[in-house]
Structures are given as C-alpha cells and as structure tokens.
**Q** 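Structure provided below as structure tokens; questions to follow.
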Amino acid sequence: MKKQHLVLALCLAATGGAFAQAAPGDSTPRIDQRAANQQKRIDQGVASGQLTPREAQHLERRESHIAREESRAKSDGVVTARERRRLVRHQDAASRAIHRQKHDAQHS
C-alpha cells in the first residue's frame, strides 16, 4: 500500500513540476516573437529613413495597443483560442501597415 502512495506522490510531483515551468507569461511565445520582429522592422525603417517620425509614432502606438490586448488576454492565466486569433489578426493588420508605411513615397 505504501509503495502505491509513493508512486502516486512521485507522479504528482513530476507533473506538478511540468506545469510550474509553463508560466502564464509564456503562453504566447509566437505572438511575443512576432511583436519583437515587428518592432525591429519599425526600428529599421526609422534608421533607414523609410519611416517618418510621425509614421513611426503611429506604428509604435499600434504595437502598444496589441501588447495591452495581450496582457489583458493573459491576465486570467489562460489565453483562449479566440483571444489568440484576435491577437494574430491585429498583428497581421499591423504588419501590413508597417509594410505600407515603409514603402510609401514619404521619407524622413
């Protein structure tokens, strides 16, 4: 009987450790990576002169809005599929906006 309790305790400890490693803040690694990539694109556009300061400010504000949305989605510890789709949709739109602004005729 004691052997069964020991095995059960070890199994619970092993699975508990696995859950402890998946912190709520890490529930959107692809979204986080994409946000970092888009930030790099904005920074590169400013450095190359493809983005005017005003365009960069607008794009930065848009990225901040997405980051706030992501924080709200993570606030309860679970990012649902619906929340994830919404974040990806907003990132898609922001990505298109970055491309449009970098390739328009305005230069700083």
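Note that the structure is predicted; figures quoted are calculated from it, not measured. Values below: every heavy atom of this structure, side chains too, minus hydrogens, waters and symmetry copies.
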**Q** With sequence neighbours excluded, tell me which residues meet salt bridge (Lys or Arg N to Asp or Glu O under 4.0 Å) with R30.
**A**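 Applying salt bridge (Lys or Arg N to Asp or Glu O under 4.0 Å) to R30 gives none.
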**Q** R86: which residues meet the side-chain contact (heavy atoms from CB on, under 4.5 Å) condition with it, sequence neighbours left out?
**A**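 Result, side-chain contact (heavy atoms from CB on, under 4.5 Å) vs R86: E69, R89, H90.
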**Q** In Å and rounded to the nearest 0.5 Å, what is the CD to CD distance from Q33 to Q38?
**A**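 With rounding to 0.5 Å, CD (Q33) is 11.0 Å from CD (Q38).
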**Q** Can you list the residues that meet the side-chain contact (heavy atoms from CB on, under 4.5 Å) rule with A97, with sequence neighbours excluded?
**A**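 Applying side-chain contact (heavy atoms from CB on, under 4.5 Å) to A97 gives L59, R62, R100.
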**Q** Could you tell me which residues satisfy ring pair (Phe, Tyr, Trp, His ring centres under 6.0 Å) with H107, sequence neighbours excluded, listed by chain and number?
**A**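 H107 satisfies ring pair (Phe, Tyr, Trp, His ring centres under 6.0 Å) with no residue once adjacent residues are dropped.
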**Q** Measuring from atom OG of S71 to atom CD1 of I66, what distance do you get when rounded to the nearest 0.5 angstrom?
**A**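 The OG atom of S71 sits 12.0 Å away from the CD1 atom of I66.
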**Q** When you compare the side chain of E63 with that of I98, does any pair of heavy atoms fall below 4.5 Å?
**A**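 Contact flag for I98/E63 side chains = yes.
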**Q** side-chain contact (heavy atoms from CB on, under 4.5 Å) with R84: which residues, sequence neighbours excluded?
**A**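 Counting only residues at least two positions away or on another chain, R84 forms a side-chain contact (heavy atoms from CB on, under 4.5 Å) with T28, I31, V79.
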**Q** List for me each residue that meets salt bridge (Lys or Arg N to Asp or Glu O under 4.0 Å) alongside D104, sequence neighbours excluded, and say none if there are none.
**A**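 Checked D104 against salt bridge (Lys or Arg N to Asp or Glu O under 4.0 Å); zero matches.
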**Q** Measuring from atom CZ of R54 to atom CD of Q106, what distance do you get when rounded to the nearest 0.5 angstrom?
**A**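 The CZ atom of R54 sits 9.5 Å away from the CD atom of Q106.
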**Q** Do K102 and S48 have side-chain heavy atoms sitting under 4.5 Å apart?
**A**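 Heavy-atom side-chain distance check fails, nothing below 4.5 Å.
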**Q** Could you give the distance from CD (E83) to CZ (R72), rounded to the nearest 0.5 Å?
**A**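 Rounded to the nearest 0.5 Å, the CD-CZ separation comes to 10.0 Å.
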**Q** Measure the spacing between CZ of R34 and CD of Q91 and express it to the nearest 0.5 Å.
**A**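 Rounded to the nearest 0.5 Å, the CZ-CD separation comes out at 5.0 Å.
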**Q** Are R61 and Q57 close enough that some pair of their side-chain heavy atoms sits under 4.5 Å apart?
**A**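 Of all side-chain heavy-atom pairs linking Q57 with R61, at least one is under 4.5 Å.
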**Q** Supply the atom-to-atom distance I42 CD1 to Q50 CD, rounded to the nearest 0.5 angstrom.
**A**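 It is 12.5 Å, given to the nearest 0.5 Å.
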